[in-house]
Amino acid sequence: MISIESGIVFGPELCGCIHKLNPSHVFIVTDSVVGPLYGPKLKNSLSCLGCPVHILEFPAGDVHKTRATKEYLEDQMLQKSAGRDTCIIALGGGVVLDVAGYLASTYCRGVPLIMVPTSLLAMNDASIGGKNAVNTPYGKNLIGTTYLPQATFCDLDFLETLPLEELKNGFVEMIKHAIILDADFFAFLQTNAKALLNLDMSKLAYAVQKSCELKMLVVRTDTYEEGLRRILNFGHTVGHAIELKSEYRVSHGRAVASGIIVEAAYAVRKGYLQPMVLEQIKALFSSFGIETMACDGFSEKDLYECMCMDKKALKHRPRVVIIKEIGQVESFDGAFCTEYDVLEMGIL
Ligand SMILES: NC(=O)c1ccc[n+]([C@@H]2O[C@H](COP(=O)([O-])OP(=O)(O)OC[C@H]3O[C@@H](n4cnc5c(N)ncnc54)[C@H](O)[C@@H]3O)[C@@H](O)[C@H]2O)c1
Ligand SMILES: [Zn+2]
């Protein structure tokens, strides 16, 4: 169940949903930025549950999306004697959702998870589809599980405190969903970039809803990424390599935007995509004020080595998703990605 509305998190809906699970303990897992902003307010709104509600915080940032953080959180829960009748609420951006999702999926072999995404990226992407993961020094998102939450509460009011650069990161994944799946949505984003950046709530609600629906359509067809779900990785083969090589100084959104341009340019060079479409994509990023040159400063060799560790890689050779036009990807007989030819890497 996913609810997208303003003002739903601190009202009776979330508390009612957890009440049905009848937990002995509730843990709000959050980070050091979102925790102080919303943790106590959420805890207060859950007082009706009549069970202990704990706030567990870890330092914000992708650099802390690690096995060590998960272990720290597990120890905190174990010290409180939390058993299988525990409920975890993930309150935060994509990093928190990924860590808390992985934690919930393995704690006592799985406890109920409620997602409360607070960044735009988490609302329209990370909260959908049940994937979670942590990073390792060898690559991003390499250790994790697929584990669906009981419910997701997507409250647009959180966006009021989200820094502009983080808001833009959320639009990157939205633009990605439009590029791979829906030309009409791409046109909507072209027309409404300014209103969306200015937090026009009715347009934003439509855009988040649409983006979630597009992702859900794919995830329902291929939950365990045996084929079609790979298209959601468009821009990520190169994007993840940029994140890793920059030691996460380049944000996920900006790295993926740059990855989308590099991978779309590759599709042009291979003759799948008209150059004009690449220009349209660049123009859309630019109208959202999103820079796409994050790969500058890295050598091709460095990025290629990281791309080989990507989860889509086959026999240590990286693969990319190829778009044919806005809203359409090449199927490659159901593989939905193809090998990235190292000799063609001129653009990096
Ligand atoms: N599991 C998935 O399907 C999936 C999909 C996409 C991305 N991801 C992962 O998500 C992560 C990126 O997510 P992100 O961009 O949300 O990053 P993030 O979680 O690091 O959040 C960005 C920053 O914004 C802060 N923040 C979040 N909500 C806020 C709010 N309402 N007000 C003020 N500050 C707020 C956070 O504390 C953080 O400092 C990456 O690790 C990526 O791999 C996962
Ligand atoms: Zn992403």
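Numbering starts at 1 and runs along the sequence shown. Whatever order the structure lists ligands and atoms in, that order sets their numbers, starting from 1.
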For ligand 1, which atoms have a heavy atom of Lys140 less than 4.0 angstrom away?
40 (C), 41 (O), 42 (C), 43 (O)
In terms of side-chain geometry, is the basic nitrogen of Asp200 or Lys194 positioned less than 4.0 Å from the acidic oxygen of its partner?
no
Numbered atoms and elements of ligand 1 in range of Val34, under 4.0 angstrom, heavy atoms:
26 (N), 27 (C), 28 (N), 29 (C), 35 (C), 37 (O)
Residues Glu339 and Arg319 bridged, charged N to O under 4.0 Å:
no
Using a cut-off of strictly less than 2.8 Å, determine whether Glu173 has an N/O/S atom near the Zn ion (ligand 2).
yes
What about Lys65: any of its N or O atoms under 3.5 Å from an N or O on ligand 1?
yes
Test of understanding: given a 4.0 Å heavy-atom threshold, classify the contact between Thr161 and ligand 1 as side chain, backbone, both, or neither.
both
Report the part of Asn141 in contact with ligand 1, treating N, CA, C, O as backbone and CB onward as side chain, heavy atoms under 4.0 Å; options are side chain, backbone, both, neither.
side chain
Using the salt bridge (charged side-chain N to carboxylate O under 4.0 Å, His left out) rule, pick out the option among Lys140, Arg254, Lys65, Arg249 that qualifies with Glu243.
Lys140
Heavy atom under 4.0 Å from ligand 1: found in Val95's side chain, backbone, both, or neither?
both
Identify the protein heavy atom lying closest to atom 14 (P) of ligand 1, giving its residue, its atom name and the separation to 0.1 Å.
Gly94 N, 3.6 Å
Heavy-atom closest pair, residues Tyr107 and Ala82
OH-O, 2.8 Å
What do you reckon, are the aromatic ring centroids of His64 and Phe58 less than 6.0 Å apart?
no
Looking only at heavy atoms, is any part of Leu159 under 4.0 Å from ligand 1, and if so is it the side chain, the backbone, or both, or is it neither?
neither
Which is it for Thr118 and ligand 1 at heavy atoms under 4.0 Å: side chain, backbone, both or neither?
both
Under 3.5 Å between some N or O of ligand 1 and some N or O of Val96?
no
Are Tyr272 and Phe332 near enough that their ring centres are under 6.0 Å apart?
yes
Closest to atom 2 (C) of ligand 1 (heavy atoms only, candidates Ala126, Pro36, Gly239) is Ala126
Number the atoms of ligand 1 from 1 as they appear, then name those within less than 4.0 Å of a heavy atom of Asp31, with their elements.
36 (C), 37 (O)
Looking at every heavy atom in both Thr136 and Leu244, which two are closest together, and how far apart are they?
O-CD1, 4.1 Å
Below a 4.0 angstrom heavy-atom separation, can you tell me which part of Leu37, side chain or backbone, both or neither, approaches ligand 1?
side chain
Aromatic contact between Tyr340 and Tyr266, with the criterion being ring centroids under 6.0 Å apart: yes or no?
yes
Between His25 and His54, how do the two ring planes meet: parallel, tilted or perpendicular, split at 30° and 60°?
parallel
To the nearest 0.1 Å, how far is atom 40 (C) of ligand 1 from its closest protein heavy atom, and which atom is that?
Asp62 OD2, 3.2 Å
Name the orientation class of the two ring planes belonging to Tyr38 and Phe10 (parallel below 30°, tilted from 30 to 60°, perpendicular beyond 60°).
parallel
Which residue supplies the protein heavy atom nearest to atom 7 (C) of ligand 1, what is that atom called, and how far is it?
Leu121 CD2, 3.5 Å
Checking salt bridge (charged side-chain N to carboxylate O under 4.0 Å, His left out) against Lys215, which of Asp222, Asp182, Asp125 comes through?
Asp125
Between ligand 1 and Asp98, is the shortest N or O to N or O distance under 3.5 Å?
yes
Heavy-atom distances under 4.0 Å decide this one: backbone, side chain, both or neither, for Lys215 against ligand 1?
side chain
Distance from atom 16 (O) of ligand 1 to nearest protein heavy atom, with residue and atom
Ser119 OG, 2.6 Å
Could you identify the single nearest non-hydrogen protein atom to atom 29 (C) of ligand 1 and state the distance to 0.1 Å?
Leu162 CD1, 3.4 Å
Tell me which N, O or S atom from His236 is the closest to the Zn ion (ligand 2).
NE2
Heavy-atom proximity to atom 34 (N) of ligand 1, best of Val33, Leu97, Val256:
Val33
More than 12 heavy atoms of other groups within 6.0 Å of Glu291 CD
no
Cys48-Cys15 sulfur separation below 2.5 Å?
yes
Give the atom numbers and elements of ligand 1 that come within less than 4.0 Å of a heavy atom of Glu166.
22 (C), 23 (C), 24 (O)
So between Ser251, Ala60, Pro117, Gly93, whose heavy atom ends up nearest atom 21 (O) of ligand 1?
Gly93
Aromatic ring centroids of Tyr206 and Phe188 under 6.0 Å?
yes
What about Asp125: any of its N or O atoms under 3.5 Å from an N or O on ligand 1?
no
Between the side chains of Arg67 and Glu71, is the shortest nitrogen-to-carboxylate-oxygen separation below 4.0 Å, so that they form an ion pair?
no
